[in-house]
Amino acid sequence: MSNTDPKKKKRTPIGKFMLWLFYLFCIYAVFCLFKAGVAFSHIHAATGQELGVRAGEFAGTLIILIYLGFIGGITGLLAWLTRAK
């Protein structure tokens with residue numbers, strides 16, 4: 001079976017670049033979430049402060065997820081707009 005189908009659409013070089021940028025960002029996002037999880041797991045709360053520490057960890061994780069989601073949404077949108085049509 002031939003891999004060069006004349007009817008198949010191809011991405012432009014900019015589209016390929018945007019797709020690879022999106023892939024790299026996804027890898028970076030997983031790395032950041034892993035790094036945050038490791039950092040938060042090493043926090044030890046003082047007696048009686050567990051709830052406050054857990055709330056801070058939750059807030060920190062939420063901020064990281066909002067940031068990564070926003071940037072990921074932009075790169076995903078650009079990869080989608082430059083797809084082969």
Side-chain angles (χ1 to χ4, degrees):
M1 200 161 162
S2 178
N3 215 9
T4 57
D5 186 12
K7 296 178 184 178
K8 187 175 180 181
K9 309 279 186 195
K10 293 185 179 181
R11 278 190 185 263
T12 63
I14 293 173
K16 289 178 184 178
F17 174 76
M18 292 309 301
L19 185 62
W20 277 105
L21 185 69
F22 179 67
Y23 288 157
L24 289 174
F25 179 78
C26 289
I27 293 168
Y28 170 74
V30 169
F31 173 73
C32 282
L33 290 174
F34 174 75
K35 194 167 74 168
V38 169
F40 290 153
S41 70
H42 292 296
I43 296 174
H44 300 290
T47 305
Q49 301 297 321
E50 291 86 4
L51 183 61
V53 170
R54 298 298 170 229
E57 289 175 354
F58 177 75
T61 304
L62 187 62
I63 290 170
I64 292 170
L65 285 174
I66 289 171
Y67 163 73
L68 291 174
F70 182 73
I71 303 298
I74 290 172
T75 56
L77 176 67
L78 290 173
W80 177 257
L81 292 175
T82 57
R83 72 189 187 281
K85 297 174 183 164

Any chain of hydrophobic side-chain contacts (each under 4.5 Å) joining Phe70 to Leu21? yes
Linking I/L/V/M/F/W/Y whenever any side-chain heavy atoms sit under 4.5 Å apart, do Phe17 and Ile14 land together? yes
Say you draw a straight line from SG of Cys32 to CD1 of Ile27; how long is it, rounded to the nearest 0.5 Å? 12.5 Å
Measure the spacing between CG of Leu68 and CZ of Phe31 and express it to the nearest 0.5 Å. 12.0 Å
Here the pair of heavy atoms bringing Arg11 nearest to Arg83 is NH1-CA, 3.3 Å
Test side chain to side chain contact (heavy atoms under 4.5 Å, CB included) on Thr82 and Leu19; report intermediate values, then the result. CA-CA 8 Å; Thr82 57; Leu19 185 62; over 6 Å; no
Donor-acceptor list for residues 36-55 side chains, cut-off 3.5 Å, not counting sequence neighbours:
unit_1 : atom_1 : unit_2 : atom_2 : d
Ser41  : OG     : Gly37  : O      : 3.4
Ser41  : OG     : Val38  : O      : 2.7
Glu50  : OE1    : Gly48  : N      : 3.3
Arg54  : NH1    : Glu57  : OE1    : 3.0
Arg54  : NH1    : Glu57  : OE2    : 2.9

Step-by-step ring-ring contact (aromatic ring centres under 6.0 Å, His included) determination, Trp20 to Tyr23: CA-CA 5 Å; Trp20 277 105; Tyr23 288 157; 5.5 Å; yes
How about CG on Leu62, more than 12 heavy atoms from neighbouring residues, nucleotides or ligands closer than 6.0 Å, or not? yes
Check the angle between the aromatic planes of Phe25 and Tyr28 and answer parallel, tilted or perpendicular using the 30° and 60° thresholds. tilted
Which donor-acceptor pairs under 3.5 Å do the side chains of residues 72-81 make with protein atoms, sequence neighbours left out?
unit_1 : atom_1 : unit_2 : atom_2 : d
Thr75  : OG1    : Ile71  : O      : 3.2
Thr75  : OG1    : Gly72  : O      : 3.1

